[in-house]
Amino acid sequence: MTTVIILLLVAVIVIFAVKDIRINLVTRPTFSMFKKVLPPLSQTEREAMEAGDVWWDGELFSGNPDWQKLHRFPKPELSEKERAFMSEQVETLLAMLDDYQIVQKDKDLPKEVWGYLKKEGFFALIIPEKFGGREFSAIANSTIVSKIATKSLTAAVTVMVPNSLGPGELLLHYGTTEQQERWLPSLAKGDDVPCFALTGPEAGSDAGSIPDTGVVCKGMHNGEEVIGLKLNWSKRYITLAPIATVLGLAFKMYDPDGLLGDKTELGITCALIPTDHEGVQTGERHYPLNMAFMNGTTYGKDVFIPLDWIIGGEKGAGRGWRMLVECLSAGRGISLPALSTATGHLASRMTSAYATVRQQFGVSIGQFEGVQEALARIGGLTYTLESARLMTAGAIDMKLSPSVVTAIAKYHMTEMGRTVMNDAMDIHSGKGIQVGPNNYLAHGYMGIPVSITVEGANILTRNLMIFGQGATRCHPFVLKEMEAAAMEDHDVALKEFDSLLLQHILFAGSNAGMAFVHGLTRSYFAKAPVSGATAVYYKQLSRMSRGLAFCTDVAMLVLGGELKRKEMISARLGDVLSHLYLASCVLKRYEDEGRQQADLSFVQYAVEHSLFCIGQAFDGFFKNFSNPVINFLLKRIVFPVGNHYHRPSDELAQTMCEHMSKPGVFRDRLTHLCYVDENAGTGVMENAFLAMIDTHDDFKQLRKWQKEGTIAKNLELEDAIVVAAEKNLINETVAERMNKANELRKKAIAVDNFAPGEL
């Protein structure tokens, strides 16, 4: 037997070591099979695959992330002028906003707010100073939108859209000098308001299928005949369209008469069109889930425009899809994560306060373990949301366009925002569902599905984008192998593929071996870049990175092009990648902020939650993989002694709730973007919270006297305070303090009422 094994090993070594033998016995048949199973890519898929940058997601796919590299990424911070804008212009804006009036009555921002937004450059955050803009960083853009969203989602979306995917960003990256000088100053001053029209009735997440057309032809413009485009379009869901003065438009461009060359179909193209141009129709409004931000339709029939209205001029013809894919990072990586993070900050601060102020059975509901479970989840996910917001916006400030990372941020952060809001509504219960001036949750709750729908519906983002692009873009060899397979010279392609294949085999074997060893030893011998309580998390994440890399290779080998259609399978591997990224963000933030001791329980909760989700995703992958033998082997390699990842413990959750329910530095840092308005529901709740904390010991003693029978048990609090004072159990100062706290408590838990006919 030993001799047979030795001979087999020698044979394997000879086959792989001798190049000619390897090419004939391994590379050539593998190359032929690879070309057959290679998933077909449409032109739009190919452009999406090639656009953007591979960043930390590539490390996570490598099986051996360089954690020191993670720690070396710059810490995202606001500049002095950005901090000044936050403390001056943003604070002034927030004081101007009455969200109940905006949403429920006016269905629009007040004129003075529109004027202030334009005057102070809120629509020009990304426009360079030389054009009159603010030229702020991505992290500043994100922070501004987050802060505004804690007061008014309508105002936040209104600010967000001109600073994300739209004419401003497209002009900065691709516009001609003439286009930039024509439009950017007027956009910066607010003289022009932009919108961008991509989505139509038949083209939503599949933006590449837009039916809108632009046909090259001759027509009249400014009194002379020029070559231009005859446009026909029908778009919907376009934010700011009803009040926009300049329309960014995506369409498919055709040149049937060969006026520009011999190519008939030029592809998706983007153009800028003044909305007062003849034939352009705007003004109709949608009403997205009771939100008041401007959103609507735009149409055009046989609208003629000159070629120099194409973004980038004539050279921009057919380049629109690549432009859009590369610029989508702003919407996916800045804007929508900012809104979700705002949900976390608001929910954490107000729900922890409400759980303290609201009493049932004589105690604060925050003492009930069921409430603590939900409150801890709010706090843990909020810590994750803020961590991911910082790291993702930080990548964009590094002049990167990490398409996979921003897709992860868009999907998972909006879903976490939904979870946080649902938990906050559950704890607030009746107070959360009565809409009125003092309800700080209702409009955010209504707006959650909007974030989940836009910039690519979440279901498709998870099932098609994250792993679909990640497996190819981030893998060290797959994209290169695909490029080799596409080469016209077969001999050159085979030689290139042979080199890649050998590296790929070693890569897969190394990941399989290390995943198995780490699984057997619970990653005990794995390296970590830090010591202390978080070291174990780096080890576990490295282990799961190995598992992801190996399972991806096997899935692509076994399923080939079919993997593209196995969305449930690929989405689970995408979930593994996503939670590796989210956990990385948490650990990065913890290091950047100096390992704050008060943060540790939140870091532990966040990473353990991600590891649990990774374990669940792998379980689903193994259980549903088509080949039962390979399924069995994969599971035994990745989890040789079982999947031991579990939900964060109850003890950890209770520790977190204690931190969240105490006024002080930690609570302020956890919720630093939450705007507390002294004249609105947030201020009422915060003041009641502080007052109840200040009188906690007094009320505790009062309940004790009631329990002992010194004071009657069935008395209302205000009556019990009177009796305690009459019996000289408390002095006049304490009684006054308790009465004031009780009045604030009752005001905080009250809901809005409306007189007959008022609504």
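Model, not experiment: these values are computed from the prediction.
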Qualifying ring-ring contact (aromatic ring centres under 6.0 Å, His included) pairs with a residue from residues 148-185, counting only residues at least two apart or across chains
none

With T343 via side chain to side chain contact (heavy atoms under 4.5 Å, CB included) - residues at least two apart:
V420, M421, I448

N458: what forms a side chain to side chain contact (heavy atoms under 4.5 Å, CB included) with it, not counting sequence neighbours?
K410, Y411, T414, E415, I452

Please name all residues satisfying ring-ring contact (aromatic ring centres under 6.0 Å, His included) with F85, sequence neighbours left out, ordered by chain then number.
F122, F136

Taking it one step at a time, do D276 and T245 satisfy side chain to side chain contact (heavy atoms under 4.5 Å, CB included)?
CA-CA 7 Å; D276 60 2; T245 62; over 6 Å; no

Passes side-chain hydrogen bond (donor to acceptor under 3.5 Å, both in side chains), Y383 versus S348? Steps please.
CA-CA 10 Å; Y383 194 91; S348 289; over 6 Å; no

E686 side-chain N/O to E678 backbone N/O, donor-acceptor pair under 3.5 Å:
no

Residues two or more places apart in sequence or in another chain: which of them pass side chain to side chain contact (heavy atoms under 4.5 Å, CB included) with P128?
K130, F131, E135, L172

Taking the side chain as every heavy atom from C-beta outward, state whether V145 and S335 have any atom pair closer than 4.5 Å.
no

Can you name the side chain to side chain contact (heavy atoms under 4.5 Å, CB included) partners of A241, sequence neighbours left out?
C195, I238

side-chain hydrogen bond (donor to acceptor under 3.5 Å, both in side chains) filter on T239, not counting sequence neighbours, yields N295

Honestly, is R667 close enough over F689, meaning NZ or CZ under 6.0 Å from the six-membered ring centre and within 45° of the axis?
yes

Close side-chain approach of I210 to W233, heavy-atom, < 4.5 Å
no

So the salt bridge (charged side-chain N to carboxylate O under 4.0 Å, His left out) pairs with at least one residue in residues 577-596 (sequence neighbours excluded) are K588-D592, R589-E593, E591-R595, E593-R669

Any salt bridge (charged side-chain N to carboxylate O under 4.0 Å, His left out) involving residues 147-159? Give me the pairs, sequence neighbours left out, ordered by first then second residue.
E91-K147, K151-D677

Sorted by chain and residue number, the ring-ring contact (aromatic ring centres under 6.0 Å, His included) partners of H443 (sequence neighbours excluded) come out as none

Show every salt bridge (charged side-chain N to carboxylate O under 4.0 Å, His left out) that has at least one partner inside residues 118-128, sequence neighbours left out.
E120-R134

Using salt bridge (charged side-chain N to carboxylate O under 4.0 Å, His left out) as the criterion, list what pairs up with R389, not counting sequence neighbours.
E386

Given side chains that start at C-beta, do those of W114 and K111 come closer than 4.5 Å, heavy atoms only?
no

